[in-house]
Amino acid sequence: MKYLEVDENREFDLILLGRVTIDFNPAYSDLVKEEFKPLKEVHYFEKYVGGSPANIACGVTRHGLKAGFLGTVSDDQFGDFVVDYFNEKGIDTSHITRAKHGEKIGLTFTEMLSPSESSILMYRNMAADLQLSVDDIDEEYIKKAKMLLISGTSLSESPSREAAIKALMLAKKNDTKVLFDVDYRAYNWKNPDEISIYYSIVAKEADIIMGSREEFDLVERLIQPGMTDEESAAYWMSRNAKIVVIKHGMQGSTAYTIDGQNFSIKPFPVKARKGFGGGDGYGSAFLYGLFSGWEISDCLEFGSAEASMLVRSNNCSVDLPGPDEVREFIRQTKAEYGEMVAKA
């Protein structure tokens with residue numbers, strides 16, 4: 001790994017900490033096709049594992065990396081569904097715990113109005129994933145990973161936020177690299193000050209920070225609001241970061257590296273089914289390239305390609321592609337649109 005020194009002898013490439021949900025998406029298969037319409041008019045749904053860190057766990061595993069998960073699910077059949085799916089995909093579930101007081105796994109109902117208009121309806125009262133506690137964080141498990149991914153959603157409530165910060169501290173103690181995926185979801189937070197306080201705690205210790213411009217603005221609100229991308233990258237690298245990735249949606253994304261370079265990429269053109277889920281594919285493919293020792297520009301291209309593949313899909317977990325599928329997508333897209341279509 002070019003910018004980060006990791007212990008190659010560790011059992012897991014990545015352990016992910018944070019949100020697990022179940023997605024109910026309007027059915028779109030050979031059997032039933034719910035076309036673009038308001039959620040209230042949808043009759044048939046397809047059920048999938050969801051939640052950004054859960055999807056990234058599926059994605060990196062699909063790429064051949066070894067992943068484990070730190071999280072809490074409901075003690076019912078929906079919790080069983082998640083654990084069984086992870087086990088089927090080869091994700092280590094030894095440190096997934098069950099909610100102890102009846103908390104339920106979050107449910108996400110997706111509305112798809114057009115290729116460019118989509119939204120979600122969340123049910124997250126007493127969400128199980130936010131019941132992860134400090135007692136669930138095992139130092140020996142953290143020591144087995146080359147990298148720990150902390151999802152920002154885990155910081156939104158206690159006891160999950162203390163569990164995430166404990167995992168961060170143990171990762172720093174044991175030289176497990178930290179990736180902070182800001183993963184902002186407005187429905188989890190009480191006020192902007194809390195967001196900046198807890199996000200910045202993790203961001204200051206992270207080796208890699210990944211988020212949208214809006215998310216970086218939220219992190220920096222109590223530090224120095226209104227920073228440019230270049231100023232944000234310089235600030236976090238003056239703390240601990242070696243790589244800072246800032247996304248601008250359809251305008252593309254840029255990765256800044258500790259050696260003073262920056263690399264930009266544009267989205268690959270596709271006919272979209274939904275306007276979300278791309279970030280999970282992006283993160284999965286970017287990490288695959290990073291662990292493979294690629295140049296950052298190649299990691300970005302792979303990430304951008306997989307993001308586009310995910311927004312044209314009807315889900316965010318089952319259709320995560322393997323590396324050969326991503327390469328073929330890149331080849332076909334460049335053949336149609338030109339060799340440098342994705343380069344900013």
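Below, all heavy atoms of this structure are taken into account, side chains as well, without hydrogens, waters or symmetry copies. From a predicted model like this one, the values you see are computed outputs, not experimental measurements.
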side-chain contact (heavy atoms from CB on, under 4.5 Å) assessment of V178 paired with L168:
CA-CA 7 Å; V178 176; L168 169 71; 3.9 Å; yes
[Y] versus [X], side-chain donor and acceptor atoms under 3.5 Å:
X: E139; Y: Y141; result: no
X: S151; Y: D183; result: yes
X: H95; Y: D138; result: yes
X: Y123; Y: T108; result: no
X: E46; Y: N315; result: no
X: Q332; Y: E328; result: yes
X: T72; Y: D129; result: no

Between F286 and F302, does the ring centroid distance fall short of 6.0 Å?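 For F286 and F302, the ring centres are not under 6.0 Å apart.
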Using 4.0 Å as the upper bound for N to carboxylate O, is an ion pair formed by [Y] and [X]?
X: D7; Y: K146; answer: no
X: D13; Y: K177; answer: no
X: K173; Y: D175; answer: no
X: R161; Y: E194; answer: yes
X: D229; Y: R213; answer: yes
X: E306; Y: R62; answer: no

On a heavy-atom basis, which atom in V73 and which in A128 lie closest, and how many Å separate them?
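Closest pair (atom of V73, atom of A128, distance): C-CB, 3.7 Å.
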How far does OG of S29 sit from CD of E34, to the nearest 0.5 angstrom?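 Nearest 0.5 Å value for the OG-CD distance: 10.0 Å.
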Practice task
Could you check F216 against I246 for side-chain contact (heavy atoms from CB on, under 4.5 Å), going step by step and ending with a plain yes or no?
Solution key: CA-CA 8 Å; F216 274 88; I246 304 178; 3.6 Å; yes
Is Q77 atom CD crowded by more than 12 heavy atoms from other residues, nucleotides or ligands, each under 6.0 Å away?
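Counting other residues, nucleotides and ligands, CD of Q77 stays at 12 neighbours or fewer.
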Step-by-step side-chain contact (heavy atoms from CB on, under 4.5 Å) determination, K143 to F12: CA-CA 9 Å; K143 286 167 67 173; F12 297 102; over 6 Å; no
